[in-house]
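Each remark here refers to the structure printed beneath this line.
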Amino acid sequence: MKISIIIPTYNEEEYLPKLLESIKSQDFTDYEIIVADAQSDDNTREIAKENGCVVVEGGLPGPGRNRGAEVAQGEILLFLDSDLELTENYLSNVIEEFESDDLGVAITQMTPLSEKKRDKYLHDLANWFMIAVENIKPHGAGCYGIISKKELHDEVGGFDENLSFGEDTDYIERVAEISEFKVLRNARIGVSTRRLEEEGLYTLLKQYGKSTVNDFRGKRTSAEDLGYEFGHDPISALDSVDMEKIAEKSRNRKIKDRINKFKDRDIEENELVEVTEDETGLVVKEAAGSQGKKRIFYSVCGEGMGHAIRSSVILEHLTKKYDVYIFSSERAYEFLASKFDNVFEIGGFNTVYENNVVRTKKTFFKALKANPTNLKDGYNVLYKECKRIKPNIIISDFENYSSMLSKIMNIPLISLDNIHMLTQCEYDYPPNHKADMLTAKAVTKSYILRPKRHIITAFFYPPLKHPKMTALYPPVLREEIMKLEPVEGEHVLVYQTAESSINLMEELKKLDYKFIVYGFNKDEVDENLTYRSFNEEQIFEDMRTAKAIIVNGGFTMISEAIYLKKPIYSTPAHKNFEQILNGFYVEKLGFGESHENLDVKKIESFLHNLDKYQENLNKVEPWDNTEILNDLDLSIEKYSKLY
């Protein structure tokens with residue numbers, strides 16, 4: 001016999017007939033059906049017998065599947081839950097792909113037995129997640145069609161009957177260790193949405209989110225932990241002996257031993273202690289129990305160049321004393337790879353702009369389309385390097401895959417960027433941009449999840465919401481900027497890339513000012529306009545000698561303009577709230593003006609008022625990077641994970 005279909009049941013008289021009917025309608029017939037029943041008190045057993053099923057005594061899902069496998073005659077086992085339905089040609093598609101790829105264990109993708117768009121979207125999301133991580137960590141989101149070879153099932157001892165939740169993922173992992181695993185591409189199984197309807201989306205996301213994170217950590221989650229029920233009746237909690245077996249199996253013993261060592265020394269795990277260096281005799285502070293150079297994963301958002309420029313300054317400092325591994329995408333990756341060793345390319349997101357306007361829907365759908373590939377190519381790199389290097393801490397400059405890695409691998413996270421100003425501070429903003437503010441806050445919260453510490457850079461200083469875990473510092477400056485001696489020259493620096501600014505260039509010819517223009521990737525002179533391709537040394541000199549600067553709402557350029565005391569005309573990208581907020585505070589602090597559009601009349605008016613803005617800028621005290629680097633050093637020592 002080719003395949004044995006094993007179905008654990010408990011009071012499933014409503015759902016079992018639909019599953020059995022879908023099996024009978026298949027074009028593939030070389031199978032047997034085994035129902036492992038956990039003493040149902042409805043008509044489940046009678047329905048199974050009437051449909052020609054082999055009925056055996058079952059139990060909770062794991063024991064039930066094992067009892068079914070014990071009597072199975074097929075060379076391949078297919079484990080199904082009773083509320084599923086097979087789609088057309090499901091069995092033949094499964095067998096063909098399973099055997100042609102020489103797999104030992106596999107799962108099938110899901111399609112909801114519902115017409116709701118929400119349900120279809122959520123199941124599609126689950127499908128691409130399982131595919132994205134199949135090469136990182138074999139994973140099964142519920143027993144939605146687990147296929148395995150009978151001989152391998154016997155070799156690993158079947159499902160772990162000590163586990164009341166996540167036994168399916170545990171089983172897949174153990175079989176995958178001795179064979180090949182895959183999420184099948186050609187077969188989908190119909191999945192009931194009853195639990196989603198009964199318990200609600202939030203509860204299910206919380207349950208499966210917690211269990212998935214624990215799975216990636218090598219830790220198992222019990223049904224009692226999640227308030228999860230099998231067959232709609234509460235199950236008994238595992239006793240201490242069972243839990244100890246699970247802890248042993250999940251390799252938590254080493255973690256326990258390490259914690260106990262700290263307890264013996266009467267030192268908290270991450271407490272800073274004073275240590276005298278042998279070579280210098282200096283007394284320094286470091287995390288208790290740390291040995292050798294700490295290993296840092298530093299992950300950088302690839303959108304724009306501001307994150308990369310700031311990070312390059314931080315990395316110059318960190319690489320002198322730590323082993324640092326850098327992860328980024330696109331232009332930021334290329335920039336950092338040209339300056340540092342151990343730079344890895346990962347996937348990333350980019351905002352879609354059209355005519356200097358953020359297109360939210362297009363950005364969302366572009367991210368949705370790219371995310372499976374980004375997860376595979378990007379997160380895969382992070383995960384594999386994490387397993388190899390075992391970092392003590394992760395630092396993220398608004399890069400979200402490293403945040404995921406932090407939670408899954410239980411590695412402390414420090415967030416260092418300017419964008420978390422949006423979630424961690426109490427600030428003013430233009431009231432007509434409330435919708436943009438709410439959208440930006442929601443996105444920002446989803447990117448970086450519960451770091452140990454937020455280190456935020458800003459050129460304005462509103463109150464902090466959580467001062468115990470958050471610090472606010474002036475913008476990080478490049479050494480080249482701090483060495484410049486600014487003077488007031490004859491030209492206005494224009495840094496624009498929006499399509500709408502092309503027409504403005506013709507209008508600027510009407511003004512009696514010289515303009516040096518960056519952003520059009522060309523070198524030419526057109527009357528009072530001098531176009532330049534990007535060159536770091538040249539733009540430093542043009543900034544140093546500029547009369548004023550016309551720029552969008554980018555944080556880095558605005559910060560450097562303030563440091564060099566150059567009046568600013570800001571045109572934030574429409575609907576980009578971070579840029580809108582930057583422009584708003586440029587005007588609020590009297591450093592220049594912020595306008596929704598590049599308007600030649602407004603530019604002319606701005607240029608007539610430079611003295612007023614210059615007076616306010618001259619009051620700004622100079623700063624350097626000392627304080628933020630000291631905070632980062634102490635945070636690394638305090639929060640680093642110890643192996």
Is it true that a side-chain atom of Ser594 and a backbone atom of Glu587 form a donor plus acceptor pair closer than 3.5 Å? no
- Main-chain N/O of Phe555 paired with Ser559 side-chain donor or acceptor, under 3.5 Å: yes
Residues 300-323 vs ring pair (Phe, Tyr, Trp, His ring centres under 6.0 Å), sequence neighbours excluded, gives none
Step-by-step ring pair (Phe, Tyr, Trp, His ring centres under 6.0 Å) determination, Tyr447 to Phe398 | CA-CA 7 Å; Tyr447 255 58; Phe398 204 58; 4.5 Å; yes
Query raised in the report: Checking ring pair (Phe, Tyr, Trp, His ring centres under 6.0 Å) for the pair Tyr298/Phe327: CA distance, chi angles, key distance, verdict?
Result: CA-CA 6 Å; Tyr298 200 109; Phe327 301 85; over 10 Å; no
Quick check: do [X] and [Y] have side-chain heavy atoms less than 4.5 Å from each other?
| X | Y | answer |
| --- | --- | --- |
| Asn552 | Gln579 | yes |
| Ser299 | Ile346 | yes |
| Pro475 | Thr556 | no |
| Tyr473 | Ile455 | yes |
| Glu627 | Asp631 | no |
| Ile456 | Thr470 | yes |

Minimal heavy-atom distance between Ser570 and Gly553, with the atoms involved, is OG-CA, 3.8 Å
side-chain contact (heavy atoms from CB on, under 4.5 Å) filter on Pro462, not counting sequence neighbours, yields Met421, Cys425, Tyr427, Phe460, Leu472
| Does the side chain of Ser396 come under 3.5 Å of the side chain of Glu399 through a donor N or O and an acceptor N or O? | no
By side-chain hydrogen bond (donor to acceptor under 3.5 Å, both in side chains), Ser311 pairs with (sequence neighbours left out) Asp397
* Walk me through it: do Tyr613 and Glu593 pass the test side-chain hydrogen bond (donor to acceptor under 3.5 Å, both in side chains)? => CA-CA 9 Å; Tyr613 306 131; Glu593 299 177 13; 2.5 Å; yes
Please name all residues satisfying ring-ring contact (aromatic ring centres under 6.0 Å, His included) with [X], sequence neighbours left out, ordered by chain then number.
| X | value |
| --- | --- |
| Tyr563 | Trp623 |
| His491 | none |
| Tyr531 | Phe520 |

Notebook entry, point to check: Please walk me through it: do Ser533 and Asp523 pass side-chain hydrogen bond (donor to acceptor under 3.5 Å, both in side chains)?
Noted result: CA-CA 6 Å; Ser533 298; Asp523 293 282; 2.8 Å; yes
Next on the checklist: Would you call the rings of Tyr429 and Phe577 parallel, tilted or perpendicular, taking 30° and 60° as the class edges?
Outcome noted: perpendicular
Margin query: Under the criterion side-chain hydrogen bond (donor to acceptor under 3.5 Å, both in side chains), I'd like the reasoning laid out for Glu488 against Thr545: C-alpha separation, chi angles, the key distance, then a yes or no.
Written below: CA-CA 5 Å; Glu488 184 180 338; Thr545 57; over 6 Å; no
Return yes when atom [atom1] of [X] has more than 12 non-hydrogen atoms of other residues, nucleotides or ligands closer than 6.0 Å, and no otherwise.
| X | atom1 | answer |
| --- | --- | --- |
| Lys509 | NZ | yes |
| Lys565 | NZ | yes |
| Glu536 | CD | yes |

Discussion item. Go through it in stages, so that I can follow the logic: the residues are Tyr495 and Ile549, the test is side chain to side chain contact (heavy atoms under 4.5 Å, CB included), and I'd like the CA-CA distance, side-chain angles, deciding distance and then a yes or no.
Written reply: CA-CA 8 Å; Tyr495 194 98; Ile549 293 181; 5.7 Å; no
Could you go step by step and tell me if Glu480 and Lys483 meet the salt bridge (charged side-chain N to carboxylate O under 4.0 Å, His left out) rule? CA-CA 5 Å; Glu480 296 88 340; Lys483 288 180 179 178; over 6 Å; no
Going through the checks in order, is the side-chain hydrogen bond (donor to acceptor under 3.5 Å, both in side chains) test met by Glu479 and Asn625?
CA-CA 9 Å; Glu479 194 69 29; Asn625 304 318; 5.6 Å; no
